[in-house]
**Student:** 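Please see the structure below; I have some questions.
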Amino acid sequence: MAFRICHNLGRPLIVPINLTKTPSRNCNFSVQNCSLGPNQSHKKWRQEFGVSTLTEESVKSVADTGKAYVHDFLDVYDRPVLVVVASKHFPGVHEPVENEKLCVFLVEKALAKLPAGKDEILGVFDLRGFGTGNADLKFLTFVFDVFYYYYPRRLGEVLFVDAPFIFKPFWQLAKPLIKSYASLVRFCSVDTIRKEYFTEETVPANFRD
């Protein structure tokens, strides 16, 4: 990923530019007009991406893979939970934009579950069974860019659960690209998920015994 530096009110604004050749789509991460304020840029992006048009039906084909979902219960800190099952993600199966639409739809769905007075969600990446065929640096960067640019201060913590050794070099490549959100990542075990983040009744099904 490359970056373009624009100057807005005297401060440099770094925005990502996609240099790869991909099919035309309604999502454009490059904020073309750097004179736009944060709120205007946010509205422009939501309109271009078509956030308001995303529905359960429109993302169904990707959601049915089980690669990601919003958990039915909050964690013990009253945060909605977005679960990603990395072993079910295969970059070549769906068009990148379809995965991106599912990502944004689930973020919106998780935020809609926020209790009064709460503003952060928990991201859980189940890395059991992760292999080279599941590695997708571009999509992982997209996920964190979405939070960084368009949902700031909404991601409270990210759990990487039972990461295999093969995930480590992938993480070293990804870490510089996800900016300050890398500090929110915690590597942990399934046991930690059960004991520290959920009760017996609320733990996600794929983390039960």
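In this text the structure is predicted, and so the values were computed from the model without any measurement.
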**Student:** Decide yes or no on side chain to side chain contact (heavy atoms under 4.5 Å, CB included) for Glu120 and Glu157, but give the supporting numbers first.
**Tutor:** CA-CA 8 Å; Glu120 294 181 340; Glu157 190 175 7; over 6 Å; no

**Student:** Heavy atoms only: give me the nearest Leu102-Ala63 pair and the separation to one decimal.
**Tutor:** CD1-CB, 3.9 Å

**Student:** Would you mind listing every side chain to side chain donor-acceptor pair (under 3.5 Å) that reaches into residues 162-176, with sequence neighbours excluded?
**Tutor:** none

**Student:** Looking at CD1 of Ile178 and OG1 of Thr141, how far apart are the two atoms once the value is rounded to the nearest 0.5 Å?
**Tutor:** 8.0 Å

**Student:** Would you say Val59 and Tyr151 are hydrophobically clustered, going by side-chain heavy atoms of ILVMFWY under 4.5 Å?
**Tutor:** yes

**Student:** Which heavy atom in Asp72 sits nearest to a heavy atom in Lys113, and how many Å separate them?
**Tutor:** O-NZ, 3.3 Å

**Student:** Test side chain to side chain contact (heavy atoms under 4.5 Å, CB included) on Phe105 and Ser58; report intermediate values, then the result.
**Tutor:** CA-CA 9 Å; Phe105 175 76; Ser58 70; 5.7 Å; no

**Student:** Rounded to the nearest 0.5 Å, how far does OG1 of Thr55 lie from NZ of Lys101?
**Tutor:** 10.0 Å

**Student:** Assess whether side chain to side chain contact (heavy atoms under 4.5 Å, CB included) is satisfied between Leu114 and Arg79, documenting all intermediate values.
**Tutor:** CA-CA 7 Å; Leu114 282 168; Arg79 298 178 296 192; over 6 Å; no

**Student:** Check whether Ile166 and Val161 end up in the same hydrophobic cluster, where Ile, Leu, Val, Met, Phe, Trp and Tyr are linked by side-chain heavy atoms less than 4.5 Å apart.
**Tutor:** no

**Student:** Write down the atom of Gly123, the atom of Leu155, and the distance for their closest heavy-atom approach.
**Tutor:** N-CD1, 4.1 Å

**Student:** Atom CD1 of Ile193 and atom CG of Asn206: how far apart are they, to the nearest 0.5 Å?
**Tutor:** 9.5 Å

**Student:** Show your reasoning for whether salt bridge (charged side-chain N to carboxylate O under 4.0 Å, His left out) applies to Glu196 and Arg186.
**Tutor:** CA-CA 13 Å; Glu196 297 185 21; Arg186 177 187 182 186; 2.9 Å; yes

**Student:** Quick one: sort the Phe144 and Tyr181 rings into parallel, tilted or perpendicular, breaks at 30° and 60°.
**Tutor:** tilted

**Student:** Between Leu74 and Val107, is there a shared hydrophobic cluster once you connect ILVMFWY residues whose side-chain heavy atoms come closer than 4.5 Å?
**Tutor:** no

**Student:** Please enumerate all residues that pass salt bridge (charged side-chain N to carboxylate O under 4.0 Å, His left out) together with Glu108, with sequence neighbours excluded.
**Tutor:** Arg46

**Student:** Not counting sequence neighbours, list each pair that qualifies as a ring pair (Phe, Tyr, Trp, His ring centres under 6.0 Å) and has a residue in residues 50-77.
**Tutor:** His71-Phe73, His71-Phe198

**Student:** Flag yes if Leu184 and Phe142 sit in one hydrophobic cluster, no otherwise; membership is Ile, Leu, Val, Met, Phe, Trp, Tyr, and two members link when side-chain heavy atoms are under 4.5 Å apart.
**Tutor:** yes

**Student:** Starting at NE2 of His42, measure out to OH of Tyr150 and round the result to the nearest 0.5 Å.
**Tutor:** 8.5 Å

**Student:** Transitively linked via ILVMFWY side-chain contacts under 4.5 Å: Val190 with Val158?
**Tutor:** no

**Student:** Among Phe165, Phe125, Phe160, Phe170, which residue satisfies the ring pair (Phe, Tyr, Trp, His ring centres under 6.0 Å) criterion with Phe130?
**Tutor:** Phe170

**Student:** Taking salt bridge (charged side-chain N to carboxylate O under 4.0 Å, His left out) as the test, write out the residues that go with Arg128, two or more places apart.
**Tutor:** Asp126

**Student:** Can a donor-acceptor pair be found, under 3.5 Å and without considering hydrogens, that links the side chain of Asp64 to the backbone of Ser61?
**Tutor:** no

**Student:** Could you please spell out the steps behind the salt bridge (charged side-chain N to carboxylate O under 4.0 Å, His left out) verdict for Arg208 and Glu200?
**Tutor:** CA-CA 8 Å; Arg208 294 181 183 275; Glu200 283 188 33; over 6 Å; no

**Student:** So which atom in Ala163 and which in Phe167 form the shortest heavy-atom distance, rounded to 0.1 Å?
**Tutor:** CB-CD2, 3.9 Å

**Student:** Side-chain atoms of residues 80-93: list all donor-acceptor pairs with protein atoms under 3.5 Å, sequence neighbours left out, distances to 0.1 Å.
**Tutor:**
unit_1	atom_1	unit_2	atom_2	d
His89	ND1	Lys67	NZ	3.1
His89	NE2	Asp136	OD2	2.8

**Student:** Under the side chain to side chain contact (heavy atoms under 4.5 Å, CB included) rule, collect the residues that match up with Ser183, sequence neighbours excluded.
**Tutor:** none

**Student:** Please report the C-alpha distance between Asp119 and Arg153 in whole Å, then the side-chain angles of each, then the deciding distance to 0.1 Å, and finally whether the side chain to side chain contact (heavy atoms under 4.5 Å, CB included) criterion is met.
**Tutor:** CA-CA 8 Å; Asp119 55 13; Arg153 297 177 297 279; over 6 Å; no

**Student:** Taking the side chain from Arg194 and the backbone from Phe207, do they hold a donor-acceptor pair closer than 3.5 Å?
**Tutor:** yes

**Student:** Quick one, Leu122 and Val124 - any side-chain contact, counting heavy atoms below 4.5 Å?
**Tutor:** yes

**Student:** At what distance, to the nearest 0.5 angstrom, does SG of Cys188 lie from OH of Tyr197?
**Tutor:** 6.0 Å

**Student:** Would you give the length of the straight line joining atom CG of Asp78 to atom CD1 of Ile121, rounded to the nearest 0.5 angstrom?
**Tutor:** 14.5 Å

**Student:** Classify the angle between the aromatic ring planes of Trp45 and Phe49 as parallel (below 30°), tilted (30 to 60°) or perpendicular (above 60°).
**Tutor:** tilted

